[in-house]
Each structure stands twice: as C-alpha cells, then as structure tokens.
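Keep in mind that what you see is a predicted model, and the values were worked out from it rather than measured. Proteins get letters first, then strands, A, B, ... in listed order; numbering begins at 1 in each.
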2 protein chains.
Amino acid sequence: MSDTHIDVPVPVPLEGVCPLRDVLDAVGNKWGVLTIVLLGERRHRYNELHKSMPGISQRILTRTVRSLARDGFISRIVYPTVPPRVDYELTDLGRGLLQQLNALNAWADAHHEEMVAARRREDAGQGTQMP
Amino acid sequence: MSDTHIDVPVPVPLEGVCPLRDVLDAVGNKWGVLTIVLLGERRHRYNELHKSMPGISQRILTRTVRSLARDGFISRIVYPTVPPRVDYELTDLGRGLLQQLNALNAWADAHHEEMVAARRREDAGQGTQMP
DNA sequence: CGGTATCCACCGGGATACTG
DNA sequence: CAGTATCCCGGTGGATACCG
C-alpha cells in the first residue's frame, strides 16, 4: 500500500446504488463536465488541461481527473520518463457520457432563458399562485 | 499615487452564465432529481413529498422545492385555507427537464455496470497504464 | 399542515508552498 | 512536469425544536 494519499476516496458510502446519482455525482461537480468536454476534443496532458481550465488549482485538477479515471470515464496514461509525462483521454464509456452531456447541454441552451425568466419573476415576488 | 489594487473580489452571483452548469446545479443536489421524478408522476402536496422521500428533513425539503420553483421547474400552489395546503406540480419546463433526466437515467442504467467495474479495477490498484 | 429558527458536522473547493 | 502537503472557508445537508 502506498503511504501517500491525495484524498480521492469514496470507498465506503452506499455508492453505486442509484446509477443516475452516480453519474451526477461523477460529473455534477465544478470541473467534471469541462474536463470531459476538453478530453472529448483530444487527448491532453496534465498541464494542457490546467491551462485550459482557468482558475482551477492543481489539487482540484488532480482530484477531478483521478475521480473521473476511477469511474472509468477517462484513462490516465503515465510515461515513465523524466521529467514525468501523464496523458488523459476519454474512454469509450467517457465518449458515451459526453454524448449524453451534449444532449443535456443542447436542452439547457434551448431553455435556460426560461430558467432565467422564472428566477426574475420569483425574485420579484411573483412566486406563489393561489387558485 | 494610488497603490496597487490587484484584488478584484468577484461578486458572487455568476449564476446563469453557463446553461448546463445551471441545470446541474439545480437538480444535481441530493434530492432534486427525486423531487422532479415524483412530481412527474402526479401533483403532490408537501407532506406527500415528505413521506415519499425517506430521510429528508423538512428544512431540506422546503429548500429543495423552493429552489426548483425559483428555477421554474415546478410550481407552488398555495390554498389560503386553514389548516394550510400547498401543492407542487411540474411546469412545462419541468416536464421537459424530466425527459432529459429520463434519457440520462436510461444511459446510466445501461452503463453503470461499467462504472462499478472500473472502480473495482481502480480500487484494486490496476489504475494507470504505461504504454 | 407546512413550514421557520438554530445549531452543527462534513465535504467540496481553493490558496499557497513544497517535491521526486 | 505532475503532482503532494497543509491550512482554510463557505455551503449543503441534517437534527431538533418551535410556530401561525
């Protein structure tokens, strides 16, 4: 067992009981979708991802890719060279997920104006209705 | 001379910039999807939802439905009676979202075995590969 | 009945510094 | 280059009690 740990855990909880929850937990976090989309364009190495994700810290990027790799959406390819090189790319499973995200994204694009409008209404106090 | 002023603290409400993020934030939380699904079956009143969502507290249920209502996915109908009665039902927007969730759910059902298998592999130490 | 009011634990996300 | 090691902050989710 290695004694170095970045916290990319999730061993115990009732993980895996609801497939949809698993997927949402996997990519619903702050950088999951962007990571999948970037890797959908082409294979990236660590620093390429880092530069394409403005604002993310190394710690969080590492956690994100490790988590996605654990779930089988991306693969982590380590070249045993010096200096080290690590590439990330989508797996077949990840490509399938990307298609679903694209579909959801299309729907979101088409309807997010309604969401924004609803928020304005609600925030203006026109929320509840009385039949 | 005006000294440095590097610190631009970013006013938080960058809500609404990315449609897909908005959707994921809206229903990616712990009880969002279940709420949408339940209301997709039929209109529910507050306590009906509560009984159908084992483990949720009143506070969280209230927050969940209020948030979904604010985003326009469900409507909140208040009957000015005593004792009070409040119904929740999907809006057209919410029904559209439910269809997307159903699609994603179908994909998740079809592929979550691969996710679980990937996790087992990863957790067993067969994670990285070296070409 | 349908909520609020408090209080609190936990975890995701981040800033910064250091390393094999 | 590709990470770790620490420390920290805010927000989500929860437990419990009370209210109009």
Separation of dG3(C) C1' from D87(B) CG (nearest whole Å): 15 Å

Closest nucleotide among dC1(D), dG2(C), dG14(D) to the P84(B) side chain: dG2(C)

Whole-Å distance separating the CH2 atom of W31(A) from the P atom of dC11(C): 23 Å

Sequence neighbours excluded, every pair satisfying ring pair (Phe, Tyr, Trp, His ring centres under 6.0 Å) that has a member inside residues 88-107 of chain B: W107(B)-H111(B)

Gap between atom CH2 of W31(B) and atom OG of S57(B) - 0.5 Å precision: 9.0 Å

Straight-line distance of L39(B) CG to I74(B) CD1, nearest 0.5 Å: 5.5 Å

By side chain to side chain donor-acceptor pair (under 3.5 Å) - contacts of D25(A) (at least two apart): R21(A)

Partner set under side chain to side chain contact (heavy atoms under 4.5 Å, CB included) for A118(A), not counting sequence neighbours: R121(A)

Pairing residues for R85(B) by the side chain to side chain donor-acceptor pair (under 3.5 Å) criterion, not counting sequence neighbours: D87(B)

Which donor-acceptor pairs under 3.5 Å do the side chains of residues 46-56 of chain B make with protein atoms, sequence neighbours left out?
{"residue": "Y46(B)", "atom": "OH", "partner": "Q58(B)", "partner atom": "O", "Å": "3.0"}
{"residue": "Y46(B)", "atom": "OH", "partner": "T62(B)", "partner atom": "OG1", "Å": "3.1"}
{"residue": "E48(B)", "atom": "OE1", "partner": "R42(B)", "partner atom": "NH1", "Å": "3.4"}
{"residue": "E48(B)", "atom": "OE1", "partner": "R45(B)", "partner atom": "N", "Å": "2.8"}
{"residue": "H50(B)", "atom": "NE2", "partner": "I56(B)", "partner atom": "O", "Å": "3.2"}
{"residue": "S52(B)", "atom": "OG", "partner": "E48(B)", "partner atom": "O", "Å": "3.0"}

Nearest to side-chain heavy atoms of N29(A), which nucleotide of dG13(C), dG3(D), dG3(C): dG13(C)

Contact list for residues 58-73 of chain B, test salt bridge (charged side-chain N to carboxylate O under 4.0 Å, His left out), sequence neighbours left out: R119(A)-D71(B), D123(A)-R70(B), E15(B)-R70(B)

T91(A) side chain vs G72(A) backbone, donor-acceptor pair below 3.5 Å: yes

The helix from dC1(C)-dG20(D) to dG20(C)-dC1(D): angle between end helix axes, five pairs per end, rounded to 10 degrees: 50°

Interface with DNA chain C, restricted to residues 57-66 of chain B and to heavy atoms under 4.0 Å: Q58(B), R59(B), T62(B), R66(B)

Atom-pair distance (CG on D25(A); P on dG12(C)), nearest Å: 10 Å

Stepwise side chain to side chain contact (heavy atoms under 4.5 Å, CB included) check, L93(B) with M115(A): CA-CA 8 Å; L93(B) 186 63; M115(A) 291 181 58; 4.0 Å; yes

Protein-nucleotide distance (Y88(A), atom OH; dC1(D), atom P), rounded to Å: 15 Å

Sequence neighbours excluded, every pair satisfying salt bridge (charged side-chain N to carboxylate O under 4.0 Å, His left out) that has a member inside residues 93-110 of chain A: D92(A)-R95(A)

Value in whole Å for how far the C1' atom of dA2(D) lies from CZ of R85(A): 12 Å

Between C1' of dG3(D) and OH of Y79(A), the distance in whole Å: 17 Å

Residues within residues 33-47 of chain A bordering DNA chain C, heavy-atom distance below 4.0 Å: none

Separation of dA2(D) P from I77(A) CD1 (nearest whole Å): 12 Å

Between dG14(D) (P) and I56(B) (CD1): distance, integer Å: 7 Å

